[in-house]
Amino acid sequence: MSEQEVQIIDFEEMLRFIESRLASAGMLVKRDAIITILQAEEAFLMEKGVLQEYSE
């Protein structure tokens, strides 16, 4: 079995970063819309095997 690097991403930090980037681009996007997009992206990446659920 090969070693894998695990990187934990803080969801709230990522959400604030995205909100900030969108605001800098002059776009006001509701937080619920961003969360829905992130959840869809997560599901897609898990389906493709790029992202895996981590349990200790």
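Annotation: side chain to side chain contact (heavy atoms under 4.5 Å, CB included) contacts of Ile9 (sequence neighbours excluded): Met14. Arg31 is linked by a salt bridge (charged side-chain N to carboxylate O under 4.0 Å, His left out) to Glu12, Glu19, counting only residues two or more places apart in sequence or in another chain.
Ile35 is listed as a side-chain neighbour of Phe11, based on a closest heavy-atom distance under 4.5 Å. Put simply, the side chain of Ile18 does not reach to within 4.5 Å of the side chain of Val29, judged on heavy atoms. Side-chain contact check for Leu22 versus Leu28: every heavy-atom pair is 4.5 Å or farther apart.
Of the possible polar contacts, none joining the Ser20 side chain to the Arg16 backbone as a donor-acceptor pair under 3.5 Å is found.
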Any chance you could lay out the side chain to side chain contact (heavy atoms under 4.5 Å, CB included) test for Gln52 and Met46, step after step, and finish with the verdict?
CA-CA 6 Å; Gln52 295 178 358; Met46 288 183 83; 5.9 Å; no
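The salt bridge (charged side-chain N to carboxylate O under 4.0 Å, His left out) contacts involving residues 37-51 comprise nothing, where partners must be two or more places apart or lie in separate chains.
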